[in-house]
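All chains are named by letter (A, B, ...) in the order of the sequence lines, taking the proteins before the strands, and each is independently numbered beginning at 1. Scope of the values below: all heavy atoms of this structure, side chains included, with no hydrogens, waters or symmetry mates.
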Amino acid sequence: MVTQIISTMETQVSNGPSGTSLPNGPVISSNGATDDSKTNLIVNYLPQNMTQEEFKSLFGSIGEIESCKLVRDKITGQSLGYGFVNYVDPNDADKAINTLNGLKLQTKTIKVSYARPSSASIRDANLYVSGLPKTMSQKDMEQLFSQYGRIITSRILVDQVTAGISRGVGFIRFDKRNEAEEAIKGLNGQKPLGAAEPITVKFANNPSQKTGQALLTQLYQTAARRYTGPLHHQTQRFSMIPSLGKGPDPNNSSKPILDNLLNASYGVKSSPTLFPRFSPITIDSMTSLAGVNLTGPTGAGWCIFVYNLSPEADESVLWQLFGPFGAVTNVKVIRDFTTNKCKGFGFVTMTNYDEAAMAIASLNGYRLGDRVLQVSFKTSKQHKA
DNA sequence: TAGGATT
């Protein structure tokens with residue numbers, strides 16, 4: 001059965017660093033070791049096909065990175081959908097959380113938060129819960145489990161076809177493994193207050209522990225994508241565009257992501273009716289232009305010219321706009337040297353032609369606040385201008 | 001009855 005995630009509600013407990021802070025630069029403790037609790041971030045819910053390079057490019061647009069790593073499966077090399085970014089400056093880590101947490105990339109909404117110090121005690125602390133009453137919300141479930149420790153994430157799976165009815169199964173990740181153990185002891189086989197049936201609580205399987213068949217399937221898909229490009233879900237991708245006009249994801253408790261940065265242009269009435277719908281004609285006409293006077297796809301990918309950005313626009317705006325369409329390798333806002341304000345345009349590099357074409361077809365003419373964007377493949381003529 | 005949260 002097809003399922004989807006209800007949400008990735010944040011817990012009330014802060015995941016932030018503790019201890020004394022310095023205004024700038026790495027924090028050095030008395031024993032000489034660097035304390036990266038204010039610079040090291042964990043990034044979750046990354047798109048499956050995002051590469052290390054794209055990952056670095058996205059987070060490097062915020063500030064200087066000390067190190068970053070997209071975590072991969074040791075055997076298949078596939079992304080595990082999360083990674084770490086350690087900034088040089090704690091202020092940039094803070095900025096990355098404020099501007100990139102909640103960013104929509106393809107079908108995912110990424111989560112950016114401080115990484116907890118690595119420790120054996122925080123591993124294998126994820127629980128699988130089944131037999132939950134269908135009426136139990138994510139909050140209800142957290143309330144039930146929170147007596148056993150600090151909850152890092154929780155989710156309830158829902159049926160897609162019945163528009164979000166709980167399937168009665170979910171996950172609870174505790175901060176510490178021993179907290180998860182206590183929750184199993186206390187809740188497995190117990191009936192929640194008012195429930196007719198007892199719930200089952202056990203350690204979740206590690207998602208990377210796949211069956212041989214699943215591994216083969218994954219390897220096959222990986223190989224197939226090398227030749228045919230990523231699988232496309234155009235309807236899904238397009239359905240995300242009107243959401244640009246709706247502001248931050250209400251399921252994500254991050255601060256209003258881009259509102260401040262964009263003169264609240266995401267928050268006001270960016271009418272979906274003004275949004276140019278997918279047009280096969282548009283795509284065909286662009287396809288016919290390929291190779292005529294475009295700069296792509298040399299090396300890094302297809303370069304896209306974005307015109308009529310506001311003076312306040314920054315790189316995260318471009319990630320926000322183009323990320324949902326596919327692999328973005330680089331974004332650049334062109335700024336005035338003296339004022340550091342955006343000069344009204346920028347560039348985006350996308351790996352795949354069809355994803356770039358789709359982004360252009362969708363975003364050219366898109367109203368961003370009180371501005372109408374002009375989006376096209378970068379041409380040699382524009383390059384000279 | 002199945003998510004990609006610790007390099």
Distance in angstrom units between [X] [atom1] and [N] [atom2], rounded:
| X | N | atom1 | atom2 | value |
| --- | --- | --- | --- | --- |
| A/K202 | B/dA2 | NZ | C1' | 10 Å |
| A/R177 | B/dT6 | CZ | P | 12 Å |
| A/R116 | B/dT7 | CZ | P | 11 Å |
| A/F84 | B/dT7 | CZ | C1' | 5 Å |
| A/M141 | B/dT1 | CE | P | 16 Å |
| A/L80 | B/dT7 | CG | C1' | 11 Å |
| A/N126 | B/dT1 | CG | P | 18 Å |
| A/I199 | B/dT1 | CD1 | C1' | 14 Å |

So [X], base contact, sugar-phosphate only, or nothing? Heavy-atom distance under 4.0 Å.
| X | result |
| --- | --- |
| A/A204 | base |
| A/Y82 | sugar-phosphate |
| A/K74 | nothing |

Residue closer to the 5' end of DNA chain B, A/C68 versus A/F203 (nearest nucleotide): A/F203
First of A/S130 and A/N86 reached from the 5' end of DNA chain B, by closest nucleotide: A/S130
Side-chain N,O (A/R123) to OP1/OP2 (B/dT7) below 4.0 Å: yes
Centroid-centroid under 6.0 Å between A/Y128 and A/F203 rings: no
Per-pair stack call A/Y128 and B/dA2, 5.5 Å, 30°: yes
Parallel, tilted or perpendicular: rings of A/Y353 and A/F377 (30°, 60°): parallel
Could you tell me if [Y] and [X] have a donor-acceptor pair between their side chains, going purely by distance under 3.5 Å?
| X | Y | result |
| --- | --- | --- |
| A/N91 | A/D89 | yes |
| A/D140 | A/S137 | yes |
| A/D336 | A/N340 | no |

